[in-house]
Undergrad: 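Okay, here's the structure, questions in a sec.
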Number of protein chains: 2
Amino acid sequence: MAAECFMEQGFHATSIDDVARRLGATKGRIYHHYPSKIELFFDVHRAGMELLFSAVEPASQVDGDGITVLAAMLEAHAMAILEHHTFESVVAQGVQMHRFGATTPAQREILNELIGSRDRFEAMFKKAATTARKDGTLANVDISIAVKTLLGGIQWSLIWYRPQSDTGPKSRRHLAEQMVKTLVDGVRARGNTQAASAPAPARSTRKRG
Amino acid sequence: MAAECFMEQGFHATSIDDVARRLGATKGRIYHHYPSKIELFFDVHRAGMELLFSAVEPASQVDGDGITVLAAMLEAHAMAILEHHTFESVVAQGVQMHRFGATTPAQREILNELIGSRDRFEAMFKKAATTARKDGTLANVDISIAVKTLLGGIQWSLIWYRPQSDTGPKSRRHLAEQMVKTLVDGVRARGNTQAASAPAPARSTRKRG
DNA sequence: GTCTATATGCTGATAGAC
DNA sequence: GTCTATCAGCATATAGAC
């Protein structure tokens, strides 16, 4: 499936001719397999979601306390995003497309199905966070907002990650580990410094200069 | 400036007629002020970046240790993103556009300038993180990756945030606080549980079932 | 300054040859 | 199944009236 040009230019900027050219063929071939451009897009979207599920579901079954499971899921997600960033860019586009755009009722229905799977995906992380809460291993945060923020921290790598600067699975693993460490443990130093006990960030806007 | 329809449908899916209609006018008006569609887009992008700078720069001057300053900057950034999410969506699109697309050398040059300001923006956060490191208030993370992850966690709200479900500045403030708390303090419970001392997430994939 | 045509090119989709 | 025309519609941009 060479339909990953959607990633490079976006759905609207990508013409069927572009896809066909990259495939070394002409439009005829594509329209033989797909009735319309948007259904091709949906298919890529669907494949992207399946890749995410098959990466994260096993991770949700690891042994350990709540936060350990959540961290494993996040790392699996991060690895999947980096490895299949072409597909996952399309997924992200689909989410935005759902938010507005989709015109015909038929398209709307398919999009709803895809967004539904997206919601089930997020629910997996919420469930893991809830388990960690009961566990006592989750910090005192709003689970819904926290999960969106965690996933966002990882998914934003779709924007800045450049695969060509990648030397292979090892550097991807390093990236994934660092992202997850940042998100799970935070950037505030742990331990017995005075900063670690302050519960909320200061909001004074008094200036120095 | 009603050119925020770029946010709703994206650059390519938005026609000049769309923008003009929302403005209660016709194309003539727009082409009188802007020579082309992409220059209109660039102008919105530029405005979006200025909004970010004028939100975060004051926050970088608050009193406090390194992590406190960083947290204040993140919260200011989050508030700006939520308040001006239309403009910031355009900024995000511009980043992706830069990654590939931009065809003519003239467009490329303008985009480079805009992306340059984006890099200066990120550098502010890296500088604050470096200060916090010297401070001892920053956790042991890769600063470059951590900053990208922190900003990503906030910026992903561009995708899921629905302004209509917003009851005003107060709920935005709540969202911003929760996002920053999640990012700065992490989701792992702090304190004297056994989990808090484990440095890295487990990577065993042994299943239960 | 703002509007109403209008030119020009591109793109999604179709029909039919091979 | 895949390719080569080809149609029809739409979008950027321009020219000129008011």
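Chain A is the first sequence line, chain B the second, and so forth, proteins listed ahead of strands; every chain is numbered from 1. When reading the values below, keep in mind they use all heavy atoms of this one structure, side chains included, and skip hydrogens, waters and symmetry mates. Only a predicted model underlies this, so the values are computations on that prediction, with no experimental measurement involved.
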Undergrad: If I take atom OG1 from residue B:T86 and atom CG from residue B:L51, how far apart are they, to the nearest 0.5 angstrom?
TA: 8.5 Å
Undergrad: Between A:L138 and B:R188, is any pair of side-chain heavy atoms under 4.5 Å apart?
TA: no
Undergrad: Would you say A:E109 has more than 12 foreign heavy atoms packed within less than 6.0 Å of its CD?
TA: no
Undergrad: Using residues 118-129 of chain B as the side-chain source, report each donor-acceptor pair under 3.5 Å to any protein atom, sequence neighbours left out, with the distance given to one decimal.
TA:
| residue | atom | partner | partner atom | Å |
| --- | --- | --- | --- | --- |
| B:R118 | NH2 | B:Q155 | OE1 | 2.9 |
| B:E122 | OE2 | B:K148 | NZ | 2.7 |

Undergrad: Can you pull the contact range of chain A along DNA chain D, 5' to 3', using atoms under 4.0 angstrom from its heavy atoms?
TA: D:dG1 to D:dT4
Undergrad: Within 45° of the axis and under 6.0 Å from the centre of the six-membered ring of B:F11, does NZ or CZ of B:K37 qualify?
TA: yes
Undergrad: Does B:G66 offer a backbone N or O that forms a donor-acceptor pair with the side chain of B:T131 under 3.5 Å?
TA: no
Undergrad: Checking the side chain of B:R172 only, and the main-chain atoms of B:A80 only, is there a donor and an acceptor separated by less than 3.5 Å?
TA: no
Undergrad: Going 5' to 3' through nucleotides 8-15 of chain C, assign each nucleotide B (protein heavy atom under 4.0 Å from a base atom), S (under 4.0 Å only from sugar-phosphate atoms) or - (no protein heavy atom that close).
TA: ---SBBB-
